[in-house]
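Since we're looking at a predicted model, the values are computed, not measured.
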Amino acid sequence: MPGHEQRSCDEYVPDRPVAITPRLMKFHPRHPVILLRSSWQSVNIGDIAHTPGLLRVLQRFYPQAEVVLWPCNLGHGAEEMLRHHFPALQIVKGELNSEGKPDNETLAALWDRADFFLHGSGPGMVQSSAASAWNRLTGKSFGFFGVTTDSPRPEHVEVASRADFVLTRETTSLLHLQQAGLRGVAIEFCPDATFACDLRNDTLGDQCLVEEGLQEGRFVCMVPRLRYTPRHIVYNKPRTTEDAERDAVNDQYAQKDHAKMREAIVRVVRETDMCVFLCPEMTYQLDLMDDLLFDPLPSDVKSRVRIRRRYWLPDEASSVYARAASVVSFECHSPILALRQGTPVIHLRQPTDTIKGQMWRDVGLADYLLEIDEVSGADIAEVLLAQLLDSPKARANMRQALEYADARMEQGARLVERSCISSRQGS
C-alpha cells in the first residue's frame, strides 16, 4: 500500500530453529485420512487462522486421524508458518479441471486414499463445488465445519443435503438452513475454528513490543475496518461498479465509525497509564491507521499511541495480543485470537459485516459485542475501562466463553470421527 512499508511475511521468522523437508504422502494403514479443504486467502490473518485452528481441534479431539491440507491460498508466509507449527502436516496443492477432477496425480492419489472430505471454517460454503465433486467422483462422505450460511443458494442447499453434517459458526445460520428446507442432515452450532488457534511466535512478539516501546499488560490493541473490504485494492484489480458503490458507503461511514474508536483511545490514554497499539487484521488496514485513527487525535494523546506498520501472521499477532490488556476490534477474528490467549476483548460490529458477529452472543460474550450504529464512543470507552479496572473479572468471562467454545468444537470433532469410521467401514 502506498505510504507505508509493508514488509513481506514470505520470509517467515520462526520462534525457534526448525528443519523443514519435503514429505512424501505416507499414511498409517489403520489411521483414517481426512482431506481438509481450507486456507481461503492470506490477506487476512483470520482466514489464515481458520486452518491451524481446525488442525488443533483435530489434534486434541481426534488424534488418530491423519490430516492432509488441500489449500486455496498460502501466501504471505502462511505456508511457512503452518509447516513450522505442524511439521508433520502434509500439504497437497492443485485444482479441479473442467471435468471436476483433480488436475494432478498427487491430488488424485489423495482423493483415492482419503476417507473423508472436511470443508474448513469460513464465510460460507466457499468450496461446496469441491465437496460435491469429491462426493460424486469417490462416493465418499464430506462435512462442513464452522461455516456461515447467510443466504444459502439452492446449489449450496443441494450440496449440503448430501453432507454428513453442516456445522455453522453461529446459530443464525442454523435457522437459515432450516428455512431453506435442509432436512436429514446433522445441523449444529460449532464456533469458527479460529477459536482453537493457539499458535504463538514469541520471538517476533517480543521484538514487536521492544520496537514499539510497549510493556506487557500496559497497552490496548485497536483494529480498524471499513464497512466493506476494498477488494479492488486488496487484490489489485480494476474497480467495478459494485466496488464504487461500496467505496461510497465506506466514505460515508469511515470517519463516523472510527471517531467512536478514537474517543475510546483518548479515554484510555487520559484516564489510565496505558498505551494504545493500532494493529491490522487485513493488509489494506495499514493505510487506515493514520487518517482514521492517529492523525485526528489530540496532541497529548498521540505520544502514547503506537502504529503497526507491517502486516503480520496469526502467531505473531497472538503473541502480542497475549500481552495486551485488551483487544478492541472492528474485525471479528483478532479478538478471537486474543480470546484464545485469555485476553479480554471487545468486538465492534458493523452492520455490513455479515451475520458472523452472532457467534459472540452464542459463546456468551454478548456484553462485549457492541453494534457500532447503536453505541457511542463513550459507551465503548466505558466497557473498555471496566475491563481494564477489573481485569480478573473480564478474564474470567473470557475463560468461560472459551470453555464453551471448546466443548462445541469437541462435539464437532466427534461428528468428524463418526463420519470417518462410517466411511472406512463402508469402503
Side-chain angles (χ1 to χ4, degrees), residues 24-25 27 32-42 47 50-51 54-55 58 65-75 78-79 82 89-169 173 176-177 180-187 193 231 235 237 415-416 419-420 422-427:
L24 299 175
M25 280 205 307
F27 306 105
V33 176
I34 296 172
L35 172 59
L36 172 61
R37 187 62 160 152
S38 188
S39 299
W40 318 123
Q41 61 179 353
S42 60
D47 282 306
H50 290 144
T51 298
L54 189 43
L55 291 173
L58 295 172
E66 297 189 46
V67 182
V68 182
L69 174 64
W70 178 24
C72 290
N73 185 304
L74 285 177
E79 179 170 352
L82 283 175
L89 177 66
Q90 300 191 67
I91 300 175
V92 176
K93 299 178 182 180
E95 301 296 336
L96 300 183
N97 61 26
S98 59
E99 297 178 347
K101 298 179 180 180
D103 66 358
N104 64 75
E105 292 182 0
T106 304
L107 184 57
L110 176 59
W111 276 40
D112 183 61
R113 173 62 183 87
D115 299 295
F116 187 75
F117 179 107
L118 184 60
H119 185 295
S121 289
M125 296 179 180
V126 182
Q127 284 286 304
S128 62
S129 59
S132 179
W134 153 274
N135 177 247
R136 185 184 66 253
L137 188 65
T138 69
K140 291 181 280 192
S141 302
F142 64 95
F144 295 86
F145 197 105
V147 298
T148 286
T149 53
D150 199 343
S151 300
R153 298 196 297 269
E155 59 267 29
H156 289 160
V157 176
E158 189 283 322
V159 174
S161 70
R162 291 187 275 129
D164 279 16
F165 55 81
V166 179
L167 305 180
T168 68
R169 61 182 180 173
S173 286
H176 288 174
L177 289 173
L182 185 61
R183 300 290 186 272
V185 176
I187 311 173
R231 299 191 179 279
Y235 299 109
K237 293 184 177 181
L415 287 175
V416 175
S419 289
C420 284
S422 178
S423 178
R424 288 172 67 82
Q425 290 174 343
S427 61

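- Scanning for side-chain contact (heavy atoms from CB on, under 4.5 Å) contacts around A180 gives P152, V157, with sequence neighbours left out.
- Evaluation of the side-chain hydrogen bond (donor to acceptor under 3.5 Å, both in side chains) rule for D103 yields no partner, not counting sequence neighbours.
- The OG atom of S128 lies 3.5 Å from the NE2 atom of H156; values are rounded to the nearest 0.5 Å.
- With sequence neighbours excluded, the residues forming a side-chain hydrogen bond (donor to acceptor under 3.5 Å, both in side chains) with S39 are T51, listed by chain and number.
- Qualifying side-chain contact (heavy atoms from CB on, under 4.5 Å) partners for T138, counting only residues two or more places apart in sequence or in other chains: W111, W134, K140.
- In this structure, V92 and L35 have side chains that are not in contact, with every pair of non-hydrogen atoms separated by 4.5 Å or more.
- Atom CG of residue L182 and atom CD of residue E158 lie 10.5 Å apart, to the nearest 0.5 angstrom.
- Taking the six-membered ring for Trp and thresholds of 30 and 60 degrees, F142 and F117 have ring planes more than 60 degrees apart, a perpendicular arrangement.
- For N73, the side-chain contact (heavy atoms from CB on, under 4.5 Å) test picks out S42, with sequence neighbours left out.
- For S173, the side-chain contact (heavy atoms from CB on, under 4.5 Å) partners at least two apart in sequence or on another chain are T148, T149, T168, E170, I355.
- The SG atom of C420 sits 4.0 Å away from the CD1 atom of I34 when rounded to the nearest 0.5 Å.
- Here Q127 pairs with R37 under the side-chain hydrogen bond (donor to acceptor under 3.5 Å, both in side chains) rule; sequence neighbours left out.
- S132 meets the side-chain hydrogen bond (donor to acceptor under 3.5 Å, both in side chains) test with R162; sequence neighbours excluded.
- Of the possible donor and acceptor atoms, none in the side chain of S423 sits under 3.5 Å from a partner among the backbone N and O of S141.
- Taken to the nearest 0.5 Å, the NE2 atom of H119 stands 10.5 Å off from the CH2 atom of W70.
- Of the possible polar contacts, one joining the N104 side chain to the K93 backbone as a donor-acceptor pair under 3.5 Å is found.
- Listed by chain and number, the residues in a salt bridge (Lys or Arg N to Asp or Glu O under 4.0 Å) with R153 are E155 (sequence neighbours excluded).
- For F145 against S121, the heavy-atom pair with the smallest separation is O-OG, 2.9 Å.
- Atom CG of L58 sits about 4.5 Å away from atom CG of L54, to the nearest 0.5 Å.
- Once rounded to the nearest 0.5 Å, the distance linking NZ of K101 with CG of L96 reads 11.5 Å.
- In this structure a side-chain-to-backbone donor-acceptor pair under 3.5 Å is present from S419 to L415.
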- [ ] Could you go through the side chain to side chain contact (heavy atoms under 4.5 Å, CB included) check for H50 and R169 one step at a time?
- [x] CA-CA 12 Å; H50 290 144; R169 61 182 180 173; 3.9 Å; yes
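- L177 is not listed as a side-chain neighbour of V185, based on a closest heavy-atom distance of 4.5 Å or more.
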